[in-house]
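Model, not experiment: these values are computed from the prediction. Residue numbers start from 1 in every chain, and the chains themselves are labelled A, B, ... in the order their sequence lines are given, proteins ahead of strands.
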2 protein chains.
Amino acid sequence: MDREATLHDVAGKVGVSPRTVSRVVNDEGGYSPETRKKVLAAIEELRYRPNMVARALITKRSGTVGLVGGDMTDPFFPALAEGIQHRAREAGQTMFFASTGSDPDRQAEVLRSFWARAVDGVIVFPALDSIDQLTDYGRRGLPIVVVDDLVEAPNVACVLFDLPEGGRLAARHLLSAGRRRMGVISATVSPPRRRHRERGFLAALTEARGDHLPAVTAEADPTVRGGEAGFAELLSLMPDLDGIFAYNDLVAIGAMRAAAASGRRVPDDIAVVGCDDIEMSTYITPALTTIRLDRGRLSNEAVAALGDLIDAPAQRRQPVVLPVELVARESA
Amino acid sequence: MDREATLHDVAGKVGVSPRTVSRVVNDEGGYSPETRKKVLAAIEELRYRPNMVARALITKRSGTVGLVGGDMTDPFFPALAEGIQHRAREAGQTMFFASTGSDPDRQAEVLRSFWARAVDGVIVFPALDSIDQLTDYGRRGLPIVVVDDLVEAPNVACVLFDLPEGGRLAARHLLSAGRRRMGVISATVSPPRRRHRERGFLAALTEARGDHLPAVTAEADPTVRGGEAGFAELLSLMPDLDGIFAYNDLVAIGAMRAAAASGRRVPDDIAVVGCDDIEMSTYITPALTTIRLDRGRLSNEAVAALGDLIDAPAQRRQPVVLPVELVARESA
DNA sequence: AACGTTGGCGTCAACGTTGACGTCAACGAT
DNA sequence: ATCGTTGACGTCAACGTTGACGCCAACGTT
């Protein structure tokens with residue numbers, strides 16, 4: 001035959017109904033051992049494989065999950081995608097991937113595309129101002145795991161790192177190293193309510209009292225180049241800067257490079273702390289001190305949360321808050 | 001209604017048949033302007049969206065493409081995935097992604113999963129010894145773009161960089177810098193017939209004659225750690241090594257780190273050339289001299305080749321060979 | 001007036017699988 | 001012998017959409 005075998009072909013070969021073949025394929029029971037052997041032999045001979053498209057039309061389950069992020073070239077992401085895909089594969093699922101460039105319109109387009117293809121659920125790093133669309137899809141019945149944000153809606157679970165604590169750890173580390181004139185670089189696309197790192201950092205400074213000056217703040221894109229620009233902005237606000245906390249490692253690396261370019265030694269003249277702990281951070285000189293976000297842990301928790309949503313939807317879910325830790329290297 | 005609207009719902013609201021609604025949705029013609037307006041209004045009101053699963057069951061087209069690679073944490077890959085996804089999105093397609101860990105059994109599993117979900121085509125970085133399975137899927141009718149290898153089969157097109165030329169450029173660069181005792185690090189998973197870089201490198205040395213010694217070779221995993229191990233292997237074969245060409249940038253960075261750890265200065269004592277041109281290569285010290293593989297170009301060519309296969313399958317395709325260039329920085 | 005053409009519809013039967021329910025022979029209990 | 005139960009099947013009708021083909025009124029040509 002010049003087309004792929006179907007249940008009907010297998011059934012025809014064995015002399016049973018397609019329904020019976022479906023029972024064997026799906027291990028449903030309700031067939032004799034003899035029938036089972038014959039069906040499996042025919043499956044092998046005809047190279048039958050279930051058509052997941054036809055199956056999805058009936059069961060509304062496609063065996064796929066979607067991963068929606070900002071930009072895949074952010075090194076944090078591929079490691080996470082590998083983790084998520086590994087766990088999804090264990091559950092017999094195939095992964096869609098789409099990046100949104102942190103644009104809510106593109107995220108809406110991606111979610112629409114996934115919804116139209118009956119994905120079993122999605123793991124989303126939300127774009128700015130996209131809670132409404134996430135809530136909408138949750139209400140429509142799409143299981144959604146939101147990462148690094150809080151959305152309360154049916155079928156939505158949240159998994160996030162304790163980023164305020166990360167900010168506090170960074171602040172305390174810089175203070176204990178004797179830094180007194182500090183700055184924080186936050187993400188350009190983050191609204192104030194999502195600047196957890198900055199909030200924790202500033203809170204820790206306030207708690208500590210002491211002789212440090214009030215910290216200055218800047219914004220930057222999540223790239224090395226962004227970090228260079230963020231450094232320049234901080235410096236213009238506080239020329240005798242001696243400590244920096246950046247919201248991700250690429251930005252921190254950029255700040256380090258800009259510091260070096262301006263004749264300041266890291267960490268002698270200025271200490272830098274990042275947040276992520278990407279591999280690159282161990283290879284640059286000096287090696288970056290950073291707040292480690294455990295991607296393996298995040299992958300596991302996100303996929304587990306999605307599995308729970310898929311199996312038992314429309315149940316109330318408490319956010320899962322993952323701990324962070326400071327990894328002290330050379331830059332601070 | 002507590003379920004998503006279908007063509008039937010829209011048809012019922014307007015008072016036409018579902019087929020007519022389908023004609024409007026798909027811009028097929030064969031309807032009056034008045035009918036079109038009514039249908040579009042009803043679509044808006046009912047928030048109708050085509051069910052891509054149902055559509056795929058009939059048309060055998062799902063509007064999805066699959067990307068199959070080794071490991072997403074290889075920095076070359078995410079940049080490529082962004083490019084491919086961007087181009088796919090322009091064509092209204094959604095991207096599956098799966099990594100295989102360069103394992104042919106996992107690649108077979110991935111292809112089976114994609115095939116069962118009626119992907120329109122796949123772009124594959126082949127795992128070792130996987131030509132047979134690729135040929136098999138090509139014969140079954142799956143459009144396949146193979147990257148960095150050559151597979152001749154129906155429905156298969158190949159896109160690859162001129163890696164032998166990359167090897168030659170690296171060799172000539174090192175020679176012109178006065179290096180005379182050189183080594184090449186190839187991929188552990190590459191069979192001899194796929195060591196294009198090494199072959200080009202050695203060929204250029206043979207052509208050049210001169211007073212350089214025959215190069216030594218080593219194998220390494222595609223990571224910084226792999227590069228450190230590869231460097232050690234080369235060094236054991238040639239203790240007065242003064243030039244290295246690595247098959248990717250991470251390996252080159254690892255070699256640089258190992259050289260520094262052994263007290264050798266890069267490039268003074270030992271010059272290092274990589275291949276890829278990942279972003280990290282510009283940020284490490286010294287910045288890496290490398291053979292640049294243009295990912296934007298590769299994404300475009302791969303997606304274009306896949307589009308051609310999808311639109312006109314079972315046609316003979318000449319491999320697309322992309323040029324490479326040497327980017328001279330500080331390490332060589 | 002008759003005939004051929006054609007636009008704007010509609011009908012029908014898939015596509016491959018599965019949920020809901022039906023049939024029937026074999027078996028144990030009475 | 002009769003009856004109720006049950007395992008091992010089978011039948012039927014979706015699921016939502018589309019390809020193939022049919023119908024019919026309107027129109028132009030003869």
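The separation between B:Arg55 atom CZ and D:dC15 atom C1' is 16 Å, rounded to whole Å. Between B:Leu7 atom CG and D:dC15 atom P there is a gap of 14 Å when expressed in whole angstrom units. For B:Glu28 and C:dC9, the CD to P distance is 13 Å, given to the nearest whole Å. Rounded to an integer number of Å, the gap from A:Glu4 CD to C:dT17 P is 11 Å. Between the C1' atom of C:dG8 and the NZ atom of B:Lys38 lies a distance of 13 Å, rounded to the nearest Å. Distance A:Leu46 CG to C:dG16 P: 14 Å, rounded to the nearest Å. The distance between atom CG of A:Leu57 and atom C1' of D:dC15, rounded to the nearest whole Å, is 4 Å. Atom C1' of nucleotide C:dT17 and atom CG of B:Asn51 are separated by 14 Å, given to the nearest angstrom.
Checked for salt-bridge contact, B:Arg3 and B:Asp9 meet the test: a charged N lies under 4.0 Å from a carboxylate O. Under 4.0 Å is where a charged nitrogen must lie from a carboxylate oxygen, and between B:Arg140 and B:Asp136 at least one such pair does. Between A:Glu109 and B:Arg89 there is a salt bridge, with a side-chain nitrogen of the basic residue lying less than 4.0 Å from a carboxylate oxygen of the acidic one. Classification of B:Glu4 and B:Arg49 as a salt-bridged pair fails, no side-chain N sitting under 4.0 Å from a carboxylate O. Classification of A:Arg295 and A:Glu82 as a salt-bridged pair fails, no side-chain N sitting under 4.0 Å from a carboxylate O.
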Per-nucleotide protein contact string for nucleotides 4-14 of chain D (B base, S sugar-phosphate only, - none; heavy atom under 4.0 Å) | ----SBBB--B
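Formation of a donor-acceptor pair under 3.5 Å by the B:Arg61 side chain with backbone atoms of B:Asp120 is not found in this model.
Residues passing the ring pair (Phe, Tyr, Trp, His ring centres under 6.0 Å) test with B:Phe77 are B:Phe125, sequence neighbours excluded. For B:Glu28, the side-chain contact (heavy atoms from CB on, under 4.5 Å) criterion is met by B:Arg19, B:Ser22, B:Arg23, B:Asn26, not counting sequence neighbours. Legend: residues meeting ring pair (Phe, Tyr, Trp, His ring centres under 6.0 Å) with A:Phe76, ordered by chain and number and at least two apart, are absent.
Of the residues listed (B:Asn155, B:Val156, B:Val119), the one engaging B:Leu142 in a side chain to side chain contact (heavy atoms under 4.5 Å, CB included) is B:Val119, and it is the only one.
Nucleotides of DNA chain D nearest to B:Thr59 and A:Ala54 differ in position, and the one nearer the 5' end is that of A:Ala54.
When the local axes at the two ends of the helix from C:dA1-D:dT30 to C:dT30-D:dA1 are compared, using 5 base pairs at each end, they differ in direction by 50° after rounding to 10°.
The stretch residues 110-121 of chain A does not touch DNA chain D, since none of its heavy atoms comes less than 4.0 Å from the strand.
At a cut-off of 3.5 Å, with distance as the only test, a side-chain donor of A:Ser113 or A:Arg117 sits close to an acceptor on the other residue.
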